[in-house]
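The next block holds one structure in the form of structure tokens; read it before the comments.
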Amino acid sequence: MEYNEILDSLRAKLTGETYEENAAILREEGLKYGKVGDYDGVKAVGELMLELMPESEKEEIKRLTHLDGIRLDEYYKNIVKLINEKNTIEAKPLAEKLYRKITEEYREGETAKFVSLRNPFEDNLYQHLFENTKTLNRAPFDFATYITAYGYLLVDSGSPLDAIPVLEKAIEYNPVDCGPKFELAEVYKVLKNKAQLIKLTKETLHVASSPIAIARCYANMGYMCVDFGELDDAVAFYTASVMMAPNPAIPHELRGIAQMKGKEIKQPTADEINEAFEKYGLEFGPDKEVISVAAYLGSYYLNKKDIPNALKALKIVYNLTRDEEIKKIILKYEPDARQVMPDGTPVSGKPNITRTVNNNPEE
């Protein structure tokens, strides 16, 4: 169901005579949407709640969603603009202020916690992988991403240790988002903290839902191995990385290893790659639970005739498995889809079956 159709459907259910009665109806509908991970449904409920709300309560909502008179998402965009302009001196205090606002107004309580899950897939993956005894409140904005920007600025300004608790807080808001995990990995690379980088890479691979994200995990392991002189392991991880998703930086890294070894390096065999993975307690390939959740969602939405959400989930499955049967289902509903290589390069004249759940959240 399209977003506007959801709004119309909800408005038709508002049969109460008072705000309280209609608010109760919307809360009940919101719980239903939340249980099935329907992001648009939850968003529509929030929009109507705000629309019906008395002016005094609207002011409180504005206090929670604005900073210095600017809505939090717009405030974040201003920070990103400054970062892109290389103006970290002005960006850092704004990012810190936004971080304080989020962590004070949306902090975890004794019985409830806020999460910034961006779509039905993330919502379902989170609830599948993590045991929760508290009520989950969906935050109104992508707080994990907002806080990660502050962590990035701390690292960029030479304070990697200060960035660790900040990035850990970002991960708390969305443990299935690879973005803050990758930024934290950069911190551990700077600090040469091998144990923490391996641990974090395992956690990231457990939620990674695209070949690019998985490839980046392997590349991080390769970088770490070079740092600690384990060059053969580094070659294995870099090779695994390009097998998952080509990266133009990897050949340069491999040439650097060849110079260190003083001889040409040969491509490792499948057994040698597996041995390197086993040495660090890793397994090559996507996490089976990630595929399972995406496949379940694809089937669920197909049964509900919700083709847009079904395709988003099925494209995750296809990108991770290259399953021809999944490809046939996608093309049945989206025959003009174009196929791409793992690195995003279009295959000329062929359908482009590409993930559309998030806009490159891992990069």
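Side-chain atoms of Glu21 come within 3.5 Å of backbone N or O of Glu17 as a donor-acceptor pair. Under the 3.5 Å distance criterion, the side-chain polar atoms of Asn124 are matched with a main-chain donor or acceptor of Pro120. A distance-only check finds a donor-acceptor pair linking the side chain of Lys181 to the backbone of Pro175 [under 3.5 Å]. A donor-acceptor contact shorter than 3.5 Å links the side chain of Asn119 to the backbone of Phe121. With hydrogens and angles disregarded, no donor-acceptor distance shorter than 3.5 Å links the side chain of Ser9 to the backbone of Glu5. Counting only distance, with no hydrogens or angles, the side chain of Thr65 and the backbone of Arg71 share no donor-acceptor pair below 3.5 Å. Under the 3.5 Å distance criterion, the side-chain polar atoms of Arg107 are matched with a main-chain donor or acceptor of Glu104. A donor-acceptor pair under 3.5 Å is formed between the side chain of Ser241 and the backbone N or O of Ala215. With hydrogens and angles disregarded, no donor-acceptor distance shorter than 3.5 Å links the side chain of Asp233 to the backbone of Ala276. When atom types are taken as modelled, the side chain of Thr321 and the backbone of Val317 share a donor-acceptor pair closer than 3.5 angstrom.
There is no path of hydrophobic side-chain contacts, each under 4.5 Å, that joins Val187 to Val190. Residues Leu167 and Leu154 do not share a hydrophobic cluster, clusters being chains of Ile/Leu/Val/Met/Phe/Trp/Tyr side chains in contact below 4.5 Å. Linking Ile, Leu, Val, Met, Phe, Trp and Tyr whenever their side-chain heavy atoms come within less than 4.5 Å puts Leu136 and Ile171 in one cluster. Linking Ile, Leu, Val, Met, Phe, Trp and Tyr whenever their side-chain heavy atoms come within less than 4.5 Å puts Phe141 and Val166 in one cluster.
For Lys202, the side chain to side chain contact (heavy atoms under 4.5 Å, CB included) test picks out Ile198, Leu282, with sequence neighbours left out. Residues that satisfy the ring pair (Phe, Tyr, Trp, His ring centres under 6.0 Å) test with Tyr188, not counting sequence neighbours, are absent from this structure. The salt bridge (Lys or Arg N to Asp or Glu O under 4.0 Å) search around Glu20 returns none, not counting sequence neighbours.
Salt-bridge annotation for Glu28 and Lys13: absent, with no side-chain N of the basic residue lying under 4.0 Å from a carboxylate O of the acidic one. Taking 4.0 Å as the cut-off between side-chain N and carboxylate O, Glu172 and Lys113 do not count as a salt-bridged pair. One finds no salt bridge joining Glu96 and Lys92 here, because no Lys/Arg side-chain nitrogen approaches an Asp/Glu carboxylate oxygen to under 4.0 Å. The existence of a salt bridge linking Glu275 and Lys279 is excluded, since no basic side-chain nitrogen approaches an acidic carboxylate oxygen closer than 4.0 Å. For the pair Lys192 and Asp227, the salt-bridge criterion is met [side-chain N within less than 4.0 Å of a carboxylate O].
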Next on the checklist: Working note: Asp177 + Arg118, criterion side chain to side chain contact (heavy atoms under 4.5 Å, CB included); need CA distance, chi angles, decisive distance, verdict.
Outcome noted: CA-CA 9 Å; Asp177 177 8; Arg118 300 172 291 188; 3.2 Å; yes
Item to check | Step-by-step salt bridge (Lys or Arg N to Asp or Glu O under 4.0 Å) determination, Glu74 to Lys77 | outcome: CA-CA 5 Å; Glu74 295 298 326; Lys77 287 178 183 178; 3.5 Å; yes
Next on the checklist: If you apply the rule side chain to side chain contact (heavy atoms under 4.5 Å, CB included), what do you find for Thr111 with Thr135, and how did you get there?
Outcome noted: CA-CA 6 Å; Thr111 60; Thr135 300; 5.6 Å; no
Checklist entry - Going through the checks in order, is the side chain to side chain donor-acceptor pair (under 3.5 Å) test met by Asn132 and Tyr126? => result CA-CA 10 Å; Asn132 288 293; Tyr126 175 82; 3.1 Å; yes
Next on the checklist: Pair Tyr33, Arg138 - check side chain to side chain contact (heavy atoms under 4.5 Å, CB included), show working.
Outcome noted: CA-CA 12 Å; Tyr33 284 122; Arg138 272 63 183 176; over 6 Å; no
Next on the checklist: Is there a side chain to side chain contact (heavy atoms under 4.5 Å, CB included) between Asn220 and Phe182? Walk through the geometry before answering.
Outcome noted: CA-CA 9 Å; Asn220 281 342; Phe182 283 138; 4.0 Å; yes
Next on the checklist: Glu85 vs Lys81, test: salt bridge (Lys or Arg N to Asp or Glu O under 4.0 Å). Steps then yes/no.
Outcome noted: CA-CA 6 Å; Glu85 294 170 351; Lys81 182 174 181 292; 2.7 Å; yes
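Of the options Lys327, Lys312, Lys315, a salt bridge (Lys or Arg N to Asp or Glu O under 4.0 Å) to Glu334 is made by Lys315 and by none of the others.
Using a 4.5 Å heavy-atom cutoff, the side chains of Phe130 and Val176 are in contact. For the pair Ile164/Leu191, a side-chain contact is recorded, criterion being any heavy-atom separation below 4.5 Å from C-beta on. Side-chain atoms of Ile316 and Val293, non-hydrogen and from C-beta on, never get closer than 4.5 Å to each other. The shortest distance between side-chain heavy atoms of Gln196 and Leu184 does not fall below 4.5 Å. In this structure, the side chains of Leu14 and Leu26 come closer than 4.5 Å at one or more pairs of heavy atoms. The shortest side-chain heavy-atom distance between Tyr173 and Ile102 falls under the 4.5 Å cut-off. Here the side chains of Glu203 and Lys199 are in contact, with some heavy-atom distance below 4.5 Å. Contact annotation: the side chain of Met243 approaches that of Phe284 to within less than 4.5 Å [non-hydrogen atoms, C-beta and beyond].
Across all non-hydrogen atoms, the minimal contact from Met49 to Tyr19 is O-CE1, 4.3 Å.
The OG atom of Ser210 lies 10.0 Å from the CE atom of Met244; values are rounded to the nearest 0.5 Å. Interatomic distance, Leu297 CG to Leu314 CG, rounded to the nearest 0.5 Å: 9.5 Å. Rounding to the nearest 0.5 Å places CD1 of Ile326 at 10.5 Å from OH of Tyr318. Taking CG of Asp336 as the start and CG of Leu331 as the end, the distance is 9.5 Å to the nearest 0.5 Å. One finds the CG atom of Leu72 at 12.0 Å from the CG atom of Asp142 (value rounded to the nearest 0.5 Å). With rounding to the nearest 0.5 Å, the separation of CD in Glu183 from CG in Leu200 is 11.0 Å.
Listed by first and then second residue, the salt bridge (Lys or Arg N to Asp or Glu O under 4.0 Å) pairs involving residues 246-262 are Asp232-Lys261 (not counting sequence neighbours). Pairs engaging residues 42-87 under the ring pair (Phe, Tyr, Trp, His ring centres under 6.0 Å) rule: Tyr76-Tyr146 [sequence neighbours left out].
Within 6.0 Å of the CD atom in Glu60, the count of heavy atoms belonging to other residues, nucleotides or ligands exceeds 12.
A donor-acceptor contact closer than 3.5 angstrom links the side chains of Asp123 and Gln127.
Tyr99 does not carry Lys169 over the face of its six-membered ring by the limits of under 6.0 Å from the centre and within 45° of the normal.
Connectivity analysis of hydrophobic side chains (ILVMFWY, heavy atoms under 4.5 Å, direct or indirect) links Leu254 to Tyr223, Val226, Leu231, Val235, Tyr238, Val242, Ile250, Ile257, Met260, Ile265.
Taking the six-membered ring for Trp and thresholds of 30 and 60 degrees, Tyr218 and Phe237 have ring planes inclined between 30 and 60 degrees apart.
Taking the six-membered ring where the residue is Trp, the centroids of Phe114 and Phe143 are separated by 6.0 Å or more.
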